[in-house]
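To keep things clear, I will list the structure first and then write my remarks on it.
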Amino acid sequence: CRYVVDGQQRLLTSSILLCALYNFVSEDLQNVIDEQLYAKQESVYRERLRIIPSQDDLVPYKFLVSRHKPNDDADALVNKTFNFFYEELRKINEDPEYGPEYIADFYDKIMTRIHVIQIFINDGEDPSSIFENLNGTGEQLKRIDLIRNCILMKLTSDPNDDYQKIFYESYWKPFEDIFKEDNIENFLKYYYMMDGGRVSASNLYDVVRKDIDGMVESCKTHGTINQKALLERFESYVEEMESSSRDYLIITHRDPTKDKYRYKSQSSSNAIEINQSLENLNSIGASTFTPYLLSAFKKFRSGTIDEHELVKIVKTIDSYFTRRSLYGGLKNNAVDKLFIDICDSQSFHHQELFDRLSSETSRSKFWPTDEELKDVFENNPYYDGAVGNTIIRFVLHRLDEKINRKPLQLTNEDTIEHVFPQDPDSSEWYGCKDYDYLKAHRNYLGNLTLSDHNQEHGRKVYEIKRQQYLQKENHPLTRSLANEYLTWDKESFDSRTQKLSKMILELWPRL
């Protein structure tokens, strides 16, 4: 019995192909295939299978080898692979141009023209190093595959002390399963940045491997690894990561409708404020702060800071990044090093964070003040202008909710509506009061609102649009505009700009 370091998938896929071929060859060849799939005697694992796959694949694979057809688990990758091969072979078998003779010839070519190279390593050699080198010139492996194998290969695998199986089934697989819909490598990158230091996708594996090697060394006595102690160390390692991984999904997830990704608290107001701020940050695409927030959540879970402090930290980061997005031209990745430095300094109290962010004077890192934002609102276009359309749509949605006083669902039908039309020259607006001023400011904040009936509004004059459409909109922000302004001119535009500016500054204050 030997452990396969590299080539498990190819061996398993080839065996599944043999299972599919079994259904289309002569009885003599069927007997040969069975001999290829079964060993003459049981292995130390009490299995006669020549290849023993991972636990995920073992049950459907055993059924497949014994029956030459899949079991009832339609989602099993083994069964999906078999069904693919079976259907392709069935088409060939039923095609008059090919038929059974072609399949028999195909089988013969597989068995005579495919060569398998076996490389056996000695006890003193490092299998993880061999694994990396074998794949060095082939298709790039996922870093999580390298990391998983790096850990598993440090553990023994035999019938009496199968620490590898215990660790994989009880700890590593449940941990990986948390990320079925998300990128586990991104989490690991941010996890290793929690204490400061830069980790990128390119050096992630090297950073993790160095950590793993350190754990192995700590479990050595006179050069021999204490496997039980190493198993316990790896178990603690995964338990620590699993705790932070759940916080990571809360911090980074873009689907607030899924309850498992929402922060929960005995204080409903605290939960609402944290979830709202995290949703804001994800909506504007900010992520630089993730290692810092992972650390802050960990400090909260351990009792180092209380929930009130956590709320203020999350809201401060929301204000910092949203204000930068509203200001325009400030890239979030410009503050990568800033948040790494903050993690490194262990500044996990709101006042320390506030002082650090508000003291930044560099153009690439600064936190826009109320006056600086007001100036942008009044003097810069917000549609196809200084701020992206996605950002302003998101901000208008938040203003909509502020007026509504409860959450609203933003759908694909909700678009940005221009009160004064984008193309006014051929419309009934031409020559209206303050026409030149409104035309020059048609893409500015005060002229924008939300609509789910944008096409119906067209370029009708304001009085008609207001009565027929704006007052009947599903958006509170748009209805309030129609109710407050009977006409649309320079005075109305300036008034609404000031009103929206005040609401935005209240939603994202510099705490």
Side-chain angles (χ1 to χ4, degrees), residues 283 325-328 373-507:
S283 294
S325 297
L326 286 168
Y327 190 83
L373 279 181
K374 286 179 182 178
D375 182 67
V376 171
F377 295 150
E378 294 173 4
N379 298 297
N380 290 275
Y382 257 63
Y383 187 86
D384 288 331
V387 175
N389 295 352
T390 301
I391 300 296
I392 192 59
R393 179 172 174 267
F394 151 73
V395 170
L396 292 172
H397 172 62
R398 285 287 174 259
L399 299 181
D400 213 21
E401 291 184 317
K402 181 176 175 64
I403 294 173
N404 196 54
R405 297 186 178 181
K406 63 180 181 179
L408 293 168
Q409 187 69 35
L410 187 64
T411 69
N412 292 333
E413 286 71 37
D414 298 321
T415 58
I416 297 175
E417 161 74 5
H418 290 69
V419 182
F420 182 88
Q422 280 187 280
D423 182 19
D425 289 345
S426 59
S427 73
E428 297 175 26
W429 285 79
Y430 187 76
C432 70
K433 181 183 178 183
D434 302 323
Y435 179 82
D436 291 337
Y437 182 85
L438 293 175
K439 181 179 179 181
H441 291 80
R442 63 189 183 277
N443 288 324
Y444 284 52
L445 177 65
N447 192 56
L448 306 177
T449 191
L450 285 178
S451 172
D452 50 7
H453 298 85
N454 196 297
Q455 296 299 318
E456 297 177 14
H457 295 179
R459 293 178 294 169
K460 298 178 175 65
V461 293
Y462 179 75
E463 289 74 12
I464 296 175
K465 183 190 293 189
R466 171 180 171 270
Q467 293 177 358
Q468 293 185 359
Y469 302 110
L470 299 182
Q471 286 183 325
K472 301 174 183 179
E473 275 279 359
N474 292 323
H475 296 279
L477 179 68
T478 305
R479 293 199 304 270
S480 69
L481 179 153
N483 293 332
E484 187 170 349
Y485 302 106
L486 301 180
T487 59
W488 195 249
D489 50 23
K490 179 180 183 300
E491 182 180 353
S492 300
F493 168 83
D494 290 343
S495 170
R496 188 165 185 267
T497 299
Q498 294 299 319
K499 179 180 179 181
L500 297 187
S501 296
K502 182 180 178 182
M503 291 171 66
I504 291 171
L505 298 176
E506 289 174 350
L507 277 176

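In what follows, every heavy atom counts, from backbone to side chain, and hydrogens, waters and symmetry copies are set aside. Just so it is clear, the model here is predicted, and its values are computed rather than measured.
- We find the OH-CD distance between Tyr430 and Glu428 to be 15.0 Å, quoted to the nearest 0.5 Å.
- Judged by distance alone, the side chain of Arg479 and the main-chain N or O of Lys472 form no donor-acceptor pair under 3.5 Å.
- A 4.5 Å side-chain heavy-atom check between Tyr383 and Arg442 finds every atom pair outside the cut-off.
- Between Leu438 and Asn447 the shortest side-chain heavy-atom distance does not fall below 4.5 Å.
- Sparse packing is recorded around CD of Glu491, with 12 or fewer heavy atoms of other residues, nucleotides or ligands lying under 6.0 Å away.
- In summary, Glu463 and Arg466 do not engage in a salt bridge, as defined by a charged side-chain N under 4.0 Å from a carboxylate O.
- Panel note: side chain Arg496, backbone Glu484; no donor-acceptor pair is recorded below 3.5 Å.
- Note: Lys374 NZ to Gln498 CD = 7.0 Å, rounded to the nearest 0.5 Å.
- Remark: of the listed residues Leu448, Leu477, Val395, Leu477 is the sole one forming a side chain to side chain contact (heavy atoms under 4.5 Å, CB included) with Leu500.
- In this structure, Glu401 contributes its side chain and Leu408 its backbone to a donor-acceptor pair below 3.5 Å.
- With rounding to the nearest 0.5 angstrom, the CD1 atom of Ile403 is 14.5 Å from the NZ atom of Lys406.
- In this model, a donor atom of one side chain and an acceptor atom of the other lie less than 3.5 Å apart for Glu473 and Ser451.
- Taking 4.5 Å as the limit, some side-chain heavy atom of Leu445 sits within range of a side-chain heavy atom of Ser501.
- A side-chain N or O of Tyr437 and one of Asp494 form a donor-acceptor pair less than 3.5 Å apart.
- Side-chain contact between Ile504 and Leu399: present, with at least one pair of heavy atoms (C-beta onward) separated by less than 4.5 Å.
- A heavy-atom distance below 4.5 Å is found between the side chains of Leu481 and Leu470.
- Contact check for Leu450 versus His397: side-chain heavy atoms found under the 4.5 Å cut-off.
- Close placement of the Tyr382 and Phe377 rings is indicated, their centers lying within 6.0 Å of each other.
- Here the side chain of Asp414 pairs a donor or acceptor atom with the backbone of Thr411 at under 3.5 angstrom.
- Between Ser495 and Tyr485 there is a side-chain heavy-atom pair separated by less than 4.5 Å.
- Between atom CD of residue Gln422 and atom CD of residue Glu417 there is a gap of 9.0 Å, rounded to the nearest 0.5 Å.
- For His475 and Asp400, the side-chain atoms include at least one donor-acceptor pair closer than 3.5 Å.
- Rounding to the nearest 0.5 angstrom, the gap separating the OH atom in Tyr444 from the NE2 atom in His418 is 12.0 Å.
- Under the 3.5 Å distance criterion, with hydrogens and angles disregarded, no donor-acceptor pair is assigned to the side chains of Tyr462 and Ser492.
- Looking at Asp425 and Tyr435, their side chains do bring a donor and an acceptor atom within 3.5 Å of each other.
- For the residue pair Trp488/Asp434, the side-chain donor-acceptor check at 3.5 Å is not satisfied.
- From Cys432, atom SG reaches atom NZ of Lys439 across 11.5 Å, with rounding to the nearest 0.5 Å.
- With hydrogens and angles ignored, the 3.5 Å screen pairs a side-chain donor or acceptor of Trp429 with a backbone N or O of Lys460.
- By the neighbour-count criterion of 12 heavy atoms within 6.0 Å, atom NZ of Lys433 is sparsely surrounded, having that number or fewer from other residues, nucleotides or ligands.
- Using a 4.5 Å cut-off on side-chain heavy atoms (C-beta onward), Tyr327 and Leu373 make contact.
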